[in-house]
**Q** 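First, the structure itself, so that you have it in front of you.
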Amino acid sequence: MELAYIPSPSRGVIHLGPIPLRGYAFCIIIGVFVAVWLGNKRWIARGGRAGTVADIAVWAVPFGLLGGRLYHVITDYELYFSEGRDWVDSFKVWEGGLGIWGAIALGAVGAWIGCRRRGIPLPAYADAIAPGIALAQAIGRWGNWFNQELYGKPTDLPWALHITSSTDGRVPGYYHPTFLYESLWCIGVALLVIWADRRFTLGHGRAFALYVAAYCTGRGWIEYMRIDDAHHILGLRLNVWTAIIVFLLAVTYIVLSARKRPGREEVVEPGVADGPADEGGKADADGTAVGAEKAEAGSEDAETKDETKDEAESAKKT
């Protein structure tokens, strides 16, 4: 008897007249907005200007989408260039297929270009945006639910995902919802990075490296559960090897960076006089820099000095 399961949507696209509204695309767009919103709050708390994160995202997001698609097409080239396949399908991003490894790698190139144009250090920007990227991934994974893809092994657990589509070789049944596992894991990664950043005052790219290492840890075991076609090396899926290698690189960076550049950047954006919130002022619960108390105290000190000076001049005249 079927007691409980996660149902799949009957379709992943709704047509508003001639305009197709795709669930996969909406998940990606919402994820980008959440990443920029949270990144902006964290950037302001570090002493940057409002809007800078969005300005740089204009470069990072297109590069990231291109990198994600390239990684997917290159690693799964047989889906588009083998016999009986249409290579034009490699451009149909809305049908799914974005590799996070390529998205982060090429997205970093776009972010570097944007940061260079603004005179901003890329590691500081990466630290601010890191939790937002994790949340964007958590939201984006629900796009796989709309497309009924990237599920795991068959299971009879009450949270099994019910696959109903039989296209592209799918077999209807009940499977591990690996999209949900990764979504929840990414939320945990975001919370971990926010906590560790506050607790240890991470800087110079270490918050971003922590995000990378934590994500790779979860992606490794989640990837192992998936049953979709993938290239294997020494018995392991390609993405498992990628997760292991990237994890080791991220941990190495954290260790070496902490030795070479301990602490956090004092200035993250040129021309911002107040400096970072944890140096020049306080930060409220939302992470917004607050320096009003310090400014008020400075004003009172200046008035006291003026009064003392006036009294001294009066005493001389007397």
**Q** Is Y80 linked to L150 within one hydrophobic cluster, defined over Ile, Leu, Val, Met, Phe, Trp and Tyr using a side-chain heavy-atom separation of less than 4.5 Å?
**A**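 Result: no, two separate clusters.
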**Q** With rounding to the nearest 0.5 Å, note down the distance linking CH2 in W142 to CZ in F146.
**A**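 That separation rounds to 8.5 Å.
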**Q** Could you grab the distance from atom OG1 of T217 to atom CG of L192, nearest 0.5 Å is fine?
**A**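 If I round to the nearest 0.5 Å, the distance is 9.5 Å.
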**Q** Please tell me whether L256 and I245 are part of a single hydrophobic cluster in this structure, the criterion being side-chain heavy atoms less than 4.5 Å apart.
**A**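 No; I245 is not reachable from L256 via cluster members.
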**Q** Please name all residues satisfying ring pair (Phe, Tyr, Trp, His ring centres under 6.0 Å) with H176, sequence neighbours left out, ordered by chain then number.
**A**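 Once residues adjacent in sequence are excluded, the partners of H176 under the ring pair (Phe, Tyr, Trp, His ring centres under 6.0 Å) criterion are Y181.
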**Q** Under a 3.5 Å distance rule, please check whether W241 uses its side chain to pair with a backbone N or O of I233 as donor and acceptor.
**A**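 Yes, the answer is positive, given that a donor and an acceptor are paired below the 3.5 Å cut-off.
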**Q** Using a 3.5 Å cut-off and no angle test, enumerate the donor-acceptor pairs between side-chain atoms of residues 112-119 and protein atoms at least two apart in sequence or in another chain.
**A**
from, atom 1, to, atom 2, distance (Å)
R118, NH1, D55, OD2, 2.8
R118, NH2, T52, OG1, 3.2
R118, NH2, E269, OE2, 3.3

**Q** Taking atom CZ of F200 as the centre, does the number of heavy atoms from other residues, nucleotides or ligands within less than 6.0 Å exceed 12?
**A**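 Atom CZ in F200 is crowded, with more than 12 foreign heavy atoms closer than 6.0 Å.
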**Q** Taking the side chain as C-beta and beyond, is there a heavy-atom pair between I28 and L98 under 4.5 Å?
**A**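 They are in side-chain contact.
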**Q** Under a 4.5 Å cut-off applied to non-hydrogen side-chain atoms, are R141 and W185 in contact?
**A**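 Not in contact.
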**Q** Going through the distances and angles, do I100 and Y215 end up as a side chain to side chain contact (heavy atoms under 4.5 Å, CB included)?
**A** CA-CA 11 Å; I100 186 61; Y215 171 73; 3.5 Å; yes
**Q** Are E149 and Y24 linked by a side-chain donor-acceptor pair shorter than 3.5 Å?
**A**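 Absent: no donor and acceptor within the cut-off.
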**Q** On the 0 to 90° scale, with breaks at 30° and 60°, tag the W59-F63 ring pair as parallel, tilted or perpendicular.
**A**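 Ring orientation of W59 relative to F63: tilted.
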**Q** Quick one: are Y211 and V189 in side-chain contact, heavy atoms under 4.5 Å?
**A**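 Y211 reaches V189 side chain to side chain.
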**Q** Give, for atom OH of Y175 and atom CD1 of I163, the distance between the pair rounded to the nearest 0.5 Å.
**A**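 If we round to the nearest 0.5 Å, Y175:OH and I163:CD1 are 7.5 Å apart.
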**Q** Could you tell me the separation between the CD atom of E182 and the CH2 atom of W221, rounded to the nearest 0.5 Å?
**A**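 Output value for this atom pair is 9.5 Å.
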**Q** Side-chain heavy atoms nearer than 4.5 Å, only ILVMFWY residues, links allowed to pass through others: does that put L157 and W145 together?
**A**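 Yes, because L157 and W145 connect within a single hydrophobic cluster, where side-chain heavy atoms sit under 4.5 Å apart.
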**Q** Roughly how far, to the nearest 0.5 Å, is CG of L38 from CZ of F33?
**A**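 Here the rounded value is 15.0 Å.
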**Q** With rounding to the nearest 0.5 angstrom, report the OG1 to CG distance, T178 to N144.
**A**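 Here the interatomic distance stands at 8.0 Å.
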**Q** Please examine the side chains of W195 and P131, heavy atoms only from C-beta on, and report whether any two atoms are closer than 4.5 Å.
**A**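 No, too far: nothing below the 4.5 Å cut-off.
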**Q** Is there a side-chain contact between I194 and R42, using heavy atoms and a 4.5 Å cut-off?
**A**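 With C-beta onward as the side chain, the pair touches.
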**Q** Would you say that Y151 contacts I6 through its side chain, given a criterion of any heavy-atom pair below 4.5 Å between the two side chains?
**A**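 No, side chains not in contact.
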**Q** Applying salt bridge (charged side-chain N to carboxylate O under 4.0 Å, His left out), can you list everything that pairs with D228, at least two apart in sequence or on another chain?
**A**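 Checked D228 against salt bridge (charged side-chain N to carboxylate O under 4.0 Å, His left out); matches are R226, R237.
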**Q** Donor-acceptor pair, H162 side chain versus A160 backbone, under 3.5 Å?
**A**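 Side chain of H162 to backbone of A160, a donor-acceptor pair under 3.5 Å: no, none is there.
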**Q** Flag the pair L106 / Y71 as yes when at least one side-chain heavy-atom distance between them is below 4.5 Å, and no otherwise.
**A**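 Not in contact.
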**Q** If you take all heavy atoms of S165 and R170, which pair is closest and at what distance?
**A**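 That closest heavy-atom pairing would be O-CB, 3.3 Å.
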**Q** Kindly say whether L248 contributes a backbone atom to a donor-acceptor pair with the side chain of T252 at under 3.5 angstrom?
**A**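 Checking the backbone N and O of L248 against the side chain of T252, a donor-acceptor pair under 3.5 Å is found.
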**Q** Can you give me the closest heavy-atom contact between V36 and A57, atom names plus distance?
**A**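 It is CG2-CB, 3.9 Å.
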**Q** For P9 versus Q148, what's the shortest heavy-atom pair and its separation?
**A**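 Minimum heavy-atom separation between P9 and Q148: O-NE2, 3.2 Å.
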**Q** Specify the closest pair of heavy atoms between P177 and L161, including all atoms of both residues, with the distance to one decimal.
**A**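 Residues P177 and L161, closest heavy atoms: CB-CB, 3.9 Å.
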**Q** Any link between V61 and V58 through a network of hydrophobic side chains (Ile, Leu, Val, Met, Phe, Trp, Tyr) touching at under 4.5 Å?
**A**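 Hydrophobic grouping puts V61 apart from V58.
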**Q** Look at the side-chain heavy atoms of Ile, Leu, Val, Met, Phe, Trp and Tyr, link any pair under 4.5 Å apart, and say whether I222 and L180 land in one connected group.
**A**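 Yes, I222 connects to L180 through the hydrophobic network.
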**Q** Locate the shortest heavy-atom distance separating Y125 from A111; write the atom from each residue and the value.
**A**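 Closest approach of Y125 to A111: CE2-CB, 4.1 Å.
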**Q** Kindly give the heavy-atom pair with the smallest separation between N40 and R49, and that separation in Å.
**A**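 Closest pair (atom of N40, atom of R49, distance): OD1-O, 4.3 Å.
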**Q** May I ask you to check whether S257 and R206 show a side-chain donor-acceptor distance below 3.5 Å?
**A**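 A pair is found: one side chain offers a donor N or O, the other an acceptor, under 3.5 Å apart.
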**Q** Between D127 and R264, does at least one N-O distance fall below 4.0 Å, as a salt bridge requires?
**A**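 No salt bridge links D127 with R264.
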**Q** Evaluate the side-chain proximity of I104 to F208: yes if any heavy-atom separation is below 4.5 Å, no if none is.
**A**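 In contact.
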